[in-house]
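Numbers here simply count residues along the sequence, with the first being 1. Counting starts at 1 for both ligands and their atoms, in listed order. Keep in mind it's a predicted model, so treat the numbers as computed, not measured. Quick note: numbers below take in every heavy atom, side chains included, and nothing from hydrogens, waters or symmetry partners.
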Amino acid sequence: MSKITIEIIKLRKKENQKLTMLTGYDYTVARIIDACGIDIILVGDSLGNVIQGKPNTLSVTIDEIIYHTKCVSAAVKNSFILADMPFLSYQISERDAILNAGNLLKLGGANGVKLEGGAELKDLVKKLTQYGIPVAGHIGLTPQYINSLSGYKVQGKTPEKIKQLINDALALQESGAFCIILECIPEEVSKIITEKLEIPTIGIGAGKYCDGQVLVINDLLGLTNDFRPKFVKSYINLHLQITDAVIQYKNEVLKSVFPDAQHSFNLTEDCLKDLQMEYKTK
Ligand code: KIV
């Protein structure tokens, strides 16, 4: 296996080979994801939800993304590390955007950045790519627009909205984006976008026609037992397994079953005898 680059990512589409992406936020899990040969690890601002317990991603800061990108970078050998640009880290000024994106590479060790938005980001995407910062686009349900979108809803359901999504995708490609995330749109719409683009589309809730798929790792692992969107597939129920393990541990401690001899350290017999003499213990 070798390090995944934007060249390899773009080649996959030409060779009709699917791309795999998962979110990752910490060293231990990123190490597993990387070793499994997942192409791209996204340090997503979804960490606001799954790591910080916030109701949305809006409060996530650039420093928090840099911190988690560093944790992921420490583990990764081959996967492409994509870091999310959080809300207001790229909208205020071009200077801020370049500095923040640059720091995700420079301090975090990311290989590229992801921005939510469409044609309005054309100039910025062009600038970032010109300065050596690979950019992934993200259109459809863009969680940073939660307030404007009035909730987490499937996007691209009317002819005008579909046209807008196609234009956004083409604009991002023209500006130099190396791939585009399509979130929560009907699969017939992602099929058209995927066919129109030369760069890969990576879907989440966007159906089977995308060039690749992404899931939030906590969802894939079944770590939460609350609301699960229709597009989420959990491959294991870790919530249940962790609950069982923690309860078993608690009961064993309460009953003095743990730690047993196998998990304790002992002195040599001579040393123990001396100790019992000196301290008059049994
Ligand atoms: O932040 C994130 O995890 C994302 C994915 C859901 C695509 O943007």
Residue pairs involving residues 194-219 (criterion side-chain hydrogen bond (donor to acceptor under 3.5 Å, both in side chains); sequence neighbours excluded):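 As it turns out, the side-chain hydrogen bond (donor to acceptor under 3.5 Å, both in side chains) pairs with a partner in residues 194-219, which skip direct neighbours, are K13-D211, E187-K208, K191-E195, T194-T201, T201-D211.
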Contact list for residues 239-255, test side-chain hydrogen bond (donor to acceptor under 3.5 Å, both in side chains), sequence neighbours left out: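 Sorted result for residues 239-255: N225-H239.
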What are the atom names and distances for all N or O pairs under 3.5 Å between ligand 1 and the protein?
unit_1	atom_1	unit_2	atom_2	d
ligand 1	1 (O)	D45	N	3.2
ligand 1	1 (O)	D45	OD1	3.0
ligand 1	1 (O)	S46	N	3.0
ligand 1	1 (O)	S46	OG	3.3
ligand 1	1 (O)	D84	OD2	3.1
ligand 1	3 (O)	S46	OG	2.5
ligand 1	8 (O)	K114	NZ	3.0

Centroid-centroid under 6.0 Å between Y145 and Y152 rings: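 No: the rings miss the under 6.0 Å criterion.
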Mutual orientation of the aromatic rings belonging to H263 and F258 [parallel < 30°, tilted 30-60°, perpendicular > 60°]: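 Answer is tilted, since the angle falls between 30° and 60°.
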Selection residues 122-150 - residue pairs positive for salt bridge (Lys or Arg N to Asp or Glu O under 4.0 Å), sequence neighbours left out: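 Found E94-K127, K122-E174.
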Passing candidate, side chain to side chain donor-acceptor pair (under 3.5 Å) with S79, options N111, D39, T20, D34: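 Running side chain to side chain donor-acceptor pair (under 3.5 Å) over N111, D39, T20, D34 with S79 returns exactly one hit, D34.
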